[in-house]
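Quick note on labels: first sequence line is chain A, next is B, and so on, each numbered from 1. Quick caveat: nothing in here was measured; it's all calculated off a predicted structure.
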Protein chains: 2
Amino acid sequence: MAPRAASKTAESSDKVSVICRALRRAIIEQALEPGAKLPEDSLGERFGVSRTIARHALGQLAAEGLVELRRNRIAVVATPSWQEARDAFDIRIELERLVVRQLAGKLTKAQIATLNAHVDAEDGARGGSDPVSIRLATEFHILLAHMTNSPILVRYVSEVAYRCCLTLSLYSRPHSSECAINEHRAIIAALVKGDEGKVMSLMHSHLDSVASRALVAPAPQRGRDLLDILAPYAEEGDGDRVVKLPKVVRAR
Amino acid sequence: MAPRAASKTAESSDKVSVICRALRRAIIEQALEPGAKLPEDSLGERFGVSRTIARHALGQLAAEGLVELRRNRIAVVATPSWQEARDAFDIRIELERLVVRQLAGKLTKAQIATLNAHVDAEDGARGGSDPVSIRLATEFHILLAHMTNSPILVRYVSEVAYRCCLTLSLYSRPHSSECAINEHRAIIAALVKGDEGKVMSLMHSHLDSVASRALVAPAPQRGRDLLDILAPYAEEGDGDRVVKLPKVVRAR
DNA sequence: AGCGCCTCAATTGCATGCAGTTTGGCGCCC
DNA sequence: GGGCGCCAAACTGCATGCAATTGAGGCGCT
């Protein structure tokens, strides 16, 4: 099986993809919460580009489901409904089962080392519910997808994983993800062992447990008061990476 | 189970989505073949908008994998590799199994009628390999996805189905799709009967057979000579719907 | 005081203009 | 005759400018 070229899915030029990456990261690290406003001007100013580019980036992120674009209205970070979150997890389960099915018993030594290193990093950044470890946990799954060498699979797994990540900030209590790390280790072990069925069911139950830990109430009142949540971020954001919110307003 | 709002996935404003839809359709009907050039100017002129909008539309389609965007180069209709085609079908199988799993035994009378009407239409537009019946066959699957009321699932199934459609124009011989119509009918029947396992395996084998009919050779020399294939389309395109190709050039 | 209208700042929708890059065609040299 | 290099045209990358829409605050009316 010859290694295929690692083609970039789309991510047109450069400036656009830089903004996309930055916003994606800000969103999944919950520096930008669902409902946060993303005015084209502010984005452009923050990243030193024109509105045209910022707009294009927002378009891409909207295509990924991370932001919502309403005609003539300010773009906002997407606020998936509980049902959409559930759907996303269902899809994710199927996709990631496919990933591990393709990978079982086929990992190279280098790949195994990479995976172990990543999980070690997850272990290092402990804190369970802090944004960075959530991001790392998500990236573990994306890393797996990359190893299939299937750009399409990478794209879909990434997208849906980001979406799931986004829902965690909406519907999850400060859940601990340490157990998830152990599950990651178990998945690696099963992959190395090459037991297809085992690793598929491991992945299934792993994601299922993440989902059920996260999506607790059928329809919680949107968690806490958005105003409170946003407050600490609105004034300074993350300094270097995150667009500063122009005003603190109750989103919607 | 309350009916969820049929949210539009992204498709920002209007003009952009009009162009996207038109191009998507032109591509899956094979009026625009893989490799066909899509200069922003021509698109803008054709649709009566500025390059900015055409560019944005191309960005969206690139995010869907239907066109390829290379920096400083003319955008072209995507030319998936044989391996990518195979990957797309693998993903599609999983996604559509999920669709029918969710749908089994849950279709309303109206939905059943809609499905039957669609298959009748497929039957009417017989011709097996003509672009319209290929499009209809694809839309049958998208119609199914819609009935899950899961916008995310709709999006992914649509995208991956379009991609598969695109590969058909590259790698398939003038295959007949009449058998596919019967398989569609069988799927509807199984859905109505509510036999989850049955309908999932039906869908699996249906897509698998489409894939294997289509993806015949492991690595055919890109099918026939692209120049020959393009010739009849290059001069006139489809008149009203399709952007006219500026020149006949061997793509690549 | 409460309610509704109206105006204006904020923001998006879109086109155009300019600069930089690629293309491919012509001419020159070997 | 064939290959190499230069040049103009074509095209993209991006910013800016203008018109249109929104929504929010202020004003007057009841």
Side-chain angles (χ1 to χ4, degrees), chain A residues 8 10-23 35-63 67-78 226-227 234 243-252, chain B residues 8 10-23 32 35-63 67-78 226-227 230 234 243-252:
Chain A
K8 58 214 130 212
E11 284 314 69
S12 60
S13 51
D14 225 20
K15 303 208 186 176
V16 170
S17 53
V18 165
I19 299 181
C20 280
R21 266 193 297 274
L23 286 182
K37 295 185 174 182
L38 303 168
E40 299 173 357
D41 295 335
S42 319
L43 288 173
E45 195 181 343
R46 171 49 100 186
F47 290 98
V49 299
S50 79
R51 280 200 311 121
T52 308
I53 305 307
R55 180 186 189 72
H56 201 77
L58 287 174
Q60 298 295 309
L61 292 173
V67 320
E68 282 168 20
L69 244 39
R70 302 108 94 209
R71 178 159 181 107
N72 284 321
R73 310 271 311 269
I74 300 180
V76 296
V77 176
L226 245 192
L227 194 66
V243 63
K244 190 166 57 147
L245 303 176
K247 254 183 263 179
V248 182
V249 224
R250 160 170 273 130
R252 156 70 31 103
Chain B
K8 58 214 123 199
E11 285 313 71
S12 60
S13 51
D14 225 19
K15 302 207 186 177
V16 169
S17 53
V18 165
I19 299 180
C20 279
R21 267 193 295 273
L23 285 182
L32 287 170
K37 296 185 175 183
L38 302 168
E40 300 174 356
D41 295 334
S42 321
L43 288 174
E45 196 181 344
R46 172 47 99 185
F47 290 98
V49 298
S50 79
R51 280 202 310 119
T52 308
I53 304 306
R55 180 186 189 71
H56 202 79
L58 287 174
Q60 298 295 310
L61 292 173
V67 320
E68 282 170 20
L69 243 39
R70 303 107 93 209
R71 183 168 179 96
N72 283 323
R73 311 272 312 272
I74 300 180
V76 296
V77 176
L226 243 193
L227 194 65
L230 274 169
V243 63
K244 190 164 57 147
L245 303 175
K247 254 183 259 177
V248 181
V249 225
R250 161 169 270 129
R252 160 79 38 92

Peer 1: Could you work out, with side-chain contact (heavy atoms from CB on, under 4.5 Å) as the rule, every residue matching A:Ser50, not counting sequence neighbours?
Peer 2: A:Thr52, A:Ile53

Peer 1: Write down the distance between CD (A:Glu45) and C1' (D:dA15), rounded to a whole number of angstrom.
Peer 2: 15 Å

Peer 1: Is the shortest side-chain heavy-atom distance between B:Val67 and B:Leu23 below 4.5 Å?
Peer 2: no

Peer 1: Expressed as a whole number of angstroms, how long is the span from B:Lys37:NZ to D:dA10:P?
Peer 2: 13 Å

Peer 1: Find the distance B:Arg70:CZ to C:dT22:C1' and express it as a whole number of Å.
Peer 2: 11 Å

Peer 1: Kindly compute the distance separating OG (B:Ser42) from CZ (B:Phe47), expressed to the nearest 0.5 Å.
Peer 2: 11.0 Å

Peer 1: Nearest-Å distance, CG (A:Asp14) to P (D:dA15)?
Peer 2: 13 Å

Peer 1: Using OP1 and OP2 only, check whether a side-chain N or O of B:Arg73 sits under 4.0 Å from C:dT23.
Peer 2: yes

Peer 1: Taking atom P of C:dG13 as reference, at what distance in whole Å does atom CZ of B:Arg55 sit?
Peer 2: 17 Å

Peer 1: Would you kindly give the CD-to-P distance between B:Glu40 and C:dT22, to the nearest whole Å?
Peer 2: 15 Å

Peer 1: Which pairs, protein N/O on one side and nucleotides 16-18 of chain C N/O on the other, fall under 3.5 Å?
Peer 2:
| unit_1 | atom_1 | unit_2 | atom_2 | d |
| --- | --- | --- | --- | --- |
| C:dT16 | O4 | B:Thr52 | OG1 | 3.0 |
| C:dG17 | O6 | B:Arg51 | NH2 | 3.2 |

Peer 1: Under the rule for salt bridge (charged side-chain N to carboxylate O under 4.0 Å, His left out), what residues qualify as partners of A:Glu68, not counting sequence neighbours?
Peer 2: none

Peer 1: For the pair made of NE2 in A:His56 and C1' in D:dC14, what is the distance, rounded to whole Å?
Peer 2: 12 Å

Peer 1: Between B:Leu58 and A:Asn72, who's closer to the 5' end of DNA chain D by nearest nucleotide?
Peer 2: B:Leu58

Peer 1: So how far is it from B:His56 NE2 to B:Ile19 CD1, rounded to the nearest 0.5 Å?
Peer 2: 10.5 Å

Peer 1: Given atom CZ of B:Arg71 and atom P of C:dG20, what is their separation to the nearest angstrom?
Peer 2: 13 Å

Peer 1: Nearest 0.5 Å, please: how far is CZ in A:Arg71 from CG in A:Leu69?
Peer 2: 11.0 Å

